[in-house]
Amino acid sequence: MSRDCPEGGNGGGARRDTSDRACYGCGKTGHMSRDCPEGGNSGGARRDNSDRKCYNCNRAGHQSRDCTEPRR
């Protein structure tokens, strides 16, 4: 995951123009969801995990990266 460099430059990647794209968080144009001023979170949109199923233990409510069961 890339972040803006405090020293400037583009880190080797091209910056995309987001002026015509809609934010997945609020639906407004001009920014991405990770930069959304209305989001209230600093990493993009967070989803409710209550309906997700863990690929490790097959129980609902969390993802495998957060699973407390031993890896299979």
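Values below: every heavy atom of this structure, side chains too, minus hydrogens, waters and symmetry copies.
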Undergrad: Can you tell me how far CG of Asn58 sits from CD of Glu69, rounded to the nearest 0.5 angstrom?
TA: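 Answer for the CD-CG pair, Glu69 versus Asn58, is 11.0 Å.
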Undergrad: Would you say Asn56's side chain and Pro70's backbone share a donor-acceptor pair under 3.5 angstrom?
TA: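 Yes, because the side chain of Asn56 sits within donor-acceptor range (under 3.5 Å) of the backbone of Pro70.
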Undergrad: When rounded to the nearest 0.5 angstrom, what distance separates OG in Ser33 from CD in Glu38?
TA: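 Separation between the atoms: 12.5 Å.
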Undergrad: I'd like to know if the side chain of Arg72 and the backbone of Tyr55 have a donor-acceptor N/O pair within less than 3.5 Å.
TA: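 Flag set: sc Arg72 to bb Tyr55 pair under 3.5 Å.
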Undergrad: Do you know which of Gln63, Arg59, His62 makes side chain to side chain contact (heavy atoms under 4.5 Å, CB included) with Arg52?
TA: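 One option only clears the test, and that one is Gln63.
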Undergrad: Within the structure provided, determine whether Arg21 and His31 are in side-chain contact (heavy-atom separation under 4.5 Å).
TA: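 A side-chain contact is absent here, since even the closest heavy-atom pair is not under 4.5 Å.
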Undergrad: Are side-chain heavy atoms of Cys23 and Met32 found at a separation under 4.5 Å?
TA: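 Contact flag for Cys23/Met32 side chains = no.
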Undergrad: Determine, step by step, whether Cys36 and Lys28 satisfy the side-chain contact (heavy atoms from CB on, under 4.5 Å) criterion, reporting the C-alpha distance in whole Å, the side-chain angles of both residues, the deciding distance to 0.1 Å, and the verdict.
TA: CA-CA 9 Å; Cys36 184; Lys28 296 178 182 176; over 6 Å; no
